[in-house]
Protein chains: 2
Amino acid sequence: MHPYEEIRTELLRRIDERTWPAGFTVPHEEKLAAEFGVARGTIRRALTSLVDAGLIERRRKAGTRVVGRKSHSSTLTIPIVRHEIEAKGERYGFRMLSDTQISASDDPRGLFGDAQLRRTLCLHLSDGQPYQLEDRLVSLEAVPEYEQVVFDKLSPNEWLVAQIPFSSVRTTLSATLANSQDQHYLQLSDKDPVFVVERETQRGDLPITFVRMSHPAYSFKMVTLTDELG
Amino acid sequence: MHPYEEIRTELLRRIDERTWPAGFTVPHEEKLAAEFGVARGTIRRALTSLVDAGLIERRRKAGTRVVGRKSHSSTLTIPIVRHEIEAKGERYGFRMLSDTQISASDDPRGLFGDAQLRRTLCLHLSDGQPYQLEDRLVSLEAVPEYEQVVFDKLSPNEWLVAQIPFSSVRTTLSATLANSQDQHYLQLSDKDPVFVVERETQRGDLPITFVRMSHPAYSFKMVTLTDELG
DNA sequence: AAGTGGTCTAGACCACCGC
DNA sequence: CGGTGGTCTAGACCACTTG
């Protein structure tokens, strides 16, 4: 246990037990350094990790204050679907259902300006059963080499994540009734709900890909964990 | 722009443009410090932020390697429902539908051992319309003072987040058809999908609360953003 | 204007772990 | 064993922002 960890634990304890209640102004770095008998840098190390955890806020001159919780946040990791399935000990497979080139002006969302797009519709299977339907648009302007890629062994999902860096992602989660595509390929009726993940990926200001991934609701839950410090 | 930011940007560029491809071993800290003409600590600052972003991995002796992307991750923030509604410029309200004390042995999930539980069923309204149905169990063993709280102005959601520290949270997101409770209070039919967030909160090993929050699918999307560096 | 956090340096020593 | 990352120090200077 390093000094900065012990200090962090002690600070956590004070916040936890309301010795330092929400809104309280924490002693400044020099003072804490003196109290704990360490260099200022070591105190900073501990405080920075509390900032990252969202437990305190710091402003120059104003000082360091204990934050009142306003929300729970957790990190949502969306793995490559093959890894997700294999992690459950099931057998992964996928089928390319359609693979066409379209003009971005045909995309009602209008995310891609007037670029040429490759649209792939791909079914991911777990132990031979439909697991996820992936409907993807990729801009050939942003990723010219994508036009030539053959998806025999690797799915578009996997190829892109491995090959293409991105700078920002917007993810939307929703529940809805299966649309006609979902019904057909996931073997659902029009009364079945699906869990839908939609993702827009950009590199700089250039849109790379838009993907809609739908899961039969009966077989899908997304789990996230938050582990706060201490 | 501080030196460590400029260095991080330059390192990002090298990873982005495959000058340093996935699997590549990055020069060690001393070498980078010499290259950029800064102290080793400044290099560390830059490298650490790349570790946090998941772009590189570091191991003693083995060195620093560029990671091949395996997933997208983003931070999912679940705000207090009142804030969520007010942020949209709508009027928040809530109605307590039922408020009972039960024994944990009546909870089929068996999360709470044999503690006494307070169970609240609460409807959150946006501009007077049903927005979220919250079905919550709170352990009176973990939070004795919860037994006496009166929820006239503050909802259980808000009271707990503000008052009770936690150490870990397990969140599950799913899509499902409205159950009978959902149908009744959210004014849905048995063919309507709902977006469900379930959360188990613990402090240490002590379970504090389990909550199921259901949203009518037609009005709810959860959006998360990832902003990678650069 | 001054107090506070933010960055940087130059150095030391340590601990892990691959060779 | 020795090379690498991880931690710590003692100091300096800077930049933001509040009183």
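Per chain, numbering begins at 1; letters A, B, ... match sequence-line order. Excluded from the calculations below are hydrogen atoms, water molecules and symmetry mates; all remaining heavy atoms, backbone and side chain alike, are included.
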Checklist entry - Does a nitrogen or oxygen in the side chain of B:T64 sit under 4.0 Å from OP1 or OP2 of D:dT4? => result no

Item to check | chain B contact limits on DNA chain C, taken 5' to 3' with a cut-off of 4.0 angstrom to heavy atoms | outcome: C:dT7 to C:dG18

Checklist outcome for this item: Taken in chain and number order and not counting sequence neighbours, the residues that satisfy side chain to side chain contact (heavy atoms under 4.5 Å, CB included) with A:Q129 are none

Item to check | Flag side-chain contact, heavy atom, 4.5 Å: A:L173 against B:F195 | outcome: yes

Checklist entry - Quick one: does A:W159's side chain get under 4.5 Å of A:I164's, heavy atoms only? => result yes

Checklist entry - Taking the six-membered ring where the residue is Trp, are the ring centres of B:F151 and B:Y146 under 6.0 Å apart? => result yes

Checklist entry - Is it true that a side-chain atom of B:R65 and a backbone atom of B:G23 form a donor plus acceptor pair closer than 3.5 Å? => result yes

Item to check | Closest approach of B:A46 to B:R8 (non-hydrogen atoms, all atoms of both residues) | outcome: CB-N, 4.0 Å

Checklist outcome for this item: Residue pair A:R60/A:Y4 against DNA chain D: nearer the 5' end by closest nucleotide is A:Y4

Checklist entry - What are the residues of residues 37-44 of chain A, sorted by number, that bring a heavy atom to within less than 4.0 Å of DNA chain C? => result A:R40, A:R44

Next on the checklist: With nearest nucleotide decided by heavy atoms, which residue, A:R58 or B:R59, maps closer to the 5′ end of DNA chain C?
Outcome noted: A:R58

Checklist entry - Quick one: B:M1 CE to D:dA15 P, roughly how many Å, whole number? => result 16 Å

Next on the checklist: Can you work out whether B:K61 or B:H2 has the more 5'-proximal nearest nucleotide on DNA chain D?
Outcome noted: B:K61

Checklist entry - Taking the six-membered ring for Trp, are the ring centroids of B:Y131 and B:F94 within less than 6.0 Å of each other? => result no

Checklist entry - Do A:R199 and A:T171 have a side chain donor and acceptor closer than 3.5 Å? => result no

